Visitor: 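The structure under discussion is supplied below as structure tokens; questions concerning it will follow.
These numbers were taken from a predicted model, which means no experiment stands behind them.
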Amino acid sequence: MQLDERKYKILQAIIRNYLETGEPVGSRTISKYTDLNLSSATIRNEMADLEELGYILQPHTSAGRIPSDKGYRLYVDKMMEEKEREVQEMKEMLLEKEDKMDHLLKQAAKVLANNTEYAAMVSTPQYHRSKLKFIQLSRVDANQVLAVIVVEGNVIKNSMLAVSETLSDETILKLNILLNTHLNGLSLEEINLGMIAAMKQQAGIHSEIVAGVIDAVAEAIKADEDLEIYTSGAKNFFKYPELSDHQRASELITTFEEKQILHELVQENLSDENTGIQVYIGNESPIQGMRDCSVVTATYELDAGMKGTIGIIGPKRMDYEKVVNNLKMLKNQLDDLYRK
């Protein structure tokens, strides 16, 4: 028999309260844990139905109810369905958005190089100071648990954790509740040693799983391995006599095509709290191989914490007004197009 929404909400409240306290749950307690605004008498009737259907048990006369295996099973299945659906929707949305964004940024670099007649670079947006949205643990087999970690901006990371024994549905459920109760909405900096120690203590013999999940959360929040940088217009260096002799031009092009060097420029730019236009002239350039040039950068921000870098590299006698105007225009266009 399929439970109606009211019965299922009451079952949810019973399970959550029992997981927190370990004590049988009465109707008065449930009336405080639901948004149904039902009387204790009505809740008692619904609990009687749930007991008759086998979803809850009364351990002894005059006591409250506790979840049965059947109740736990329904709760876990519905929770996993909801989380899997949410994760799948996020993945589909992100894949569509990422494809669109990659194409957009490649075109943006080409247009910027053509419009300014200098070399241009655009980095993909990265999340900085991200916060955790939720964690979903699920059993893969007797020796492995999958941790799906969703951080701010709906960035999804999967981590496989080894376990020494098969975990029951109830254990996985309790670990999910423990992890999400303590960690949801926190940044990496807010997850301190005291909090980790308390979680490990509550997890008991499963403390190593908690430690593994926290390591995976740290990796998910700080990971920048997906950073891409699109470049265009390297041949424009040859348009300017002061940059076009063979040795200097070769050094510039090599530097421009070395993505690791550009990564350092992007990271320095994103770590600066100033999200406006930055102009580096000659020796001010953070990149050794570009000390004969001017480098103008701007940080674009698509969502809170989601930032990328746009850069123009050209001679020190570049048309700064034209470059700044093009950077400002591109910042606005990226913002508008991303939000559509």
Side-chain angles (χ1 to χ4, degrees), residues 100-130 153 224 226-240 242-243 248 251-253 255-340:
K100 177 183 175 183
M101 182 57 71
D102 286 347
H103 176 73
L104 174 63
L105 295 181
K106 287 176 186 176
Q107 288 301 114
K110 289 180 182 178
V111 170
L112 205 53
N114 289 337
N115 286 351
T116 61
E117 298 188 304
Y118 305 126
M121 55 157 282
V122 183
S123 78
T124 53
Q126 298 291 297
Y127 282 87
H128 292 260
R129 296 185 294 278
S130 293
D224 278 331
D226 295 331
L227 176 66
E228 291 284 349
I229 298 175
Y230 302 109
T231 59
S232 185
K235 65 181 185 298
N236 287 336
F237 290 128
F238 292 102
K239 293 183 178 180
Y240 306 98
E242 64 267 45
L243 303 178
R248 187 169 296 171
E251 183 181 354
L252 273 172
I253 291 171
T255 301
F256 189 61
E257 291 179 347
E258 178 51 64
K259 295 300 173 69
Q260 185 54 46
I261 294 175
L262 295 183
H263 275 216
E264 293 170 9
L265 174 62
V266 169
Q267 295 303 337
E268 177 167 330
N269 199 58
L270 293 180
S271 65
D272 196 325
E273 291 302 317
N274 183 358
T275 57
I277 307 291
Q278 301 291 310
V279 180
Y280 305 95
I281 300 172
N283 288 329
E284 297 173 354
S285 173
I287 298 178
Q288 181 65 38
M290 294 182 177
R291 295 293 168 88
D292 292 326
C293 301
S294 281
V295 179
V296 184
T297 64
T299 299
Y300 66 90
E301 186 167 358
L302 304 182
D303 285 323
M306 187 179 183
K307 299 177 182 179
T309 294
I310 313 164
I312 298 288
I313 300 97
K316 286 184 274 188
R317 61 185 178 93
M318 70 164 52
D319 186 339
Y320 292 99
E321 183 177 0
K322 181 179 181 181
V323 166
V324 169
N325 286 339
N326 272 273
L327 287 176
K328 286 182 176 178
M329 186 183 304
L330 181 55
K331 279 182 65 172
N332 293 335
Q333 288 175 341
L334 286 174
D335 189 23
D336 291 342
L337 286 169
Y338 183 81
R339 294 179 189 279
K340 286 182 180 177

Visitor: Mind listing the closest non-hydrogen atom pair of Ser285 and Val295 along with its distance?
Guide: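 Nearest pair, atom of Ser285 first, then Val295: OG-CG2, 3.8 Å.
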Visitor: Mind checking side chain to side chain contact (heavy atoms under 4.5 Å, CB included) for Glu251 and listing every partner two or more places apart, or none if nothing turns up?
Guide: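 By the side chain to side chain contact (heavy atoms under 4.5 Å, CB included) rule, Glu251 matches Thr255.
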Visitor: Could you pull out all residues at least two apart from Thr231 that satisfy side chain to side chain donor-acceptor pair (under 3.5 Å)?
Guide: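 By the side chain to side chain donor-acceptor pair (under 3.5 Å) rule, Thr231 matches no residue at all.
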Visitor: Would you give the length of the straight line joining atom CG of Leu327 to atom CD of Gln278, rounded to the nearest 0.5 angstrom?
Guide: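 It comes to 11.5 Å.
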Visitor: Kindly write out the residues that satisfy side chain to side chain contact (heavy atoms under 4.5 Å, CB included) with Lys328, not counting sequence neighbours, or none if the list is empty.
Guide: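 Testing Lys328 for side chain to side chain contact (heavy atoms under 4.5 Å, CB included), a comparison that skips the adjacent residues, returns Ile277, Val324.
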Visitor: Return the set of residues passing salt bridge (charged side-chain N to carboxylate O under 4.0 Å, His left out) with Glu242 (not counting sequence neighbours), or none when no residue passes.
Guide: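 So Glu242 forms a salt bridge (charged side-chain N to carboxylate O under 4.0 Å, His left out) with Arg317.
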Visitor: Going from CD1 on Ile229 to CG on Leu105, what distance comes out if it is rounded to the nearest 0.5 angstrom?
Guide: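 Reported value, rounded in 0.5 Å steps: 11.5 Å.
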Visitor: Under the rule for side chain to side chain contact (heavy atoms under 4.5 Å, CB included), what residues qualify as partners of Ser232, not counting sequence neighbours?
Guide: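 Expected list: Ala109, Lys110, Ala113.
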Visitor: List the residues meeting side chain to side chain donor-acceptor pair (under 3.5 Å) with Asp292, not counting sequence neighbours, and say none if there are none.
Guide: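 Side chain to side chain donor-acceptor pair (under 3.5 Å) list for Asp292, sorted by chain: Arg248.
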Visitor: With heavy-atom distances below 4.5 Å as the criterion, would you say the side chains of Tyr280 and Thr297 are in contact?
Guide: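 The answer is yes; the side chains approach within 4.5 Å.
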Visitor: Do you know which two heavy atoms are closest between Val296 and Met318, and how far apart they sit?
Guide: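 That closest heavy-atom pairing would be CG2-SD, 3.7 Å.
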Visitor: With Asn326, which residues qualify under side chain to side chain contact (heavy atoms under 4.5 Å, CB included), at least two apart?
Guide: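 With sequence neighbours excluded, Asn326 shows a side chain to side chain contact (heavy atoms under 4.5 Å, CB included) to Leu112, Asn115, Thr116, Lys322, given in chain and number order.
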Visitor: Among pairs that include at least one residue of residues 111-122, which meet salt bridge (Lys or Arg N to Asp or Glu O under 4.0 Å), considering only residues two or more places apart or in two chains?
Guide: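 Those involving residues 111-122 are Glu117-Lys239.
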Visitor: Do Met290 and Phe256 have side-chain heavy atoms sitting under 4.5 Å apart?
Guide: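 A side-chain contact exists here, since the closest heavy-atom pair is under 4.5 Å.
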Visitor: Evaluate the criterion side-chain contact (heavy atoms from CB on, under 4.5 Å) for residue pair Tyr300 and Leu330; output intermediate values, then yes/no.
Guide: CA-CA 9 Å; Tyr300 66 90; Leu330 181 55; over 6 Å; no
Visitor: Quick one: does Thr309's side chain get under 4.5 Å of Met121's, heavy atoms only?
Guide: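 SC-SC contact between Thr309 and Met121 confirmed.
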Visitor: List in chain and number order the residues that pass salt bridge (charged side-chain N to carboxylate O under 4.0 Å, His left out) with Asp319, two or more places apart in sequence or in another chain; answer none if no residue qualifies.
Guide: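 Residues passing salt bridge (charged side-chain N to carboxylate O under 4.0 Å, His left out) with Asp319: none at all.
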Visitor: Tyr240: what forms a ring-ring contact (aromatic ring centres under 6.0 Å, His included) with it, not counting sequence neighbours?
Guide: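 With sequence neighbours excluded, Tyr240 shows a ring-ring contact (aromatic ring centres under 6.0 Å, His included) to Tyr118, given in chain and number order.
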Visitor: Of all heavy-atom pairs between Asn283 and Arg291, which one has the smallest distance, and what is that distance?
Guide: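 Closest heavy-atom pair between Asn283 and Arg291: CA-CD, 3.5 Å.
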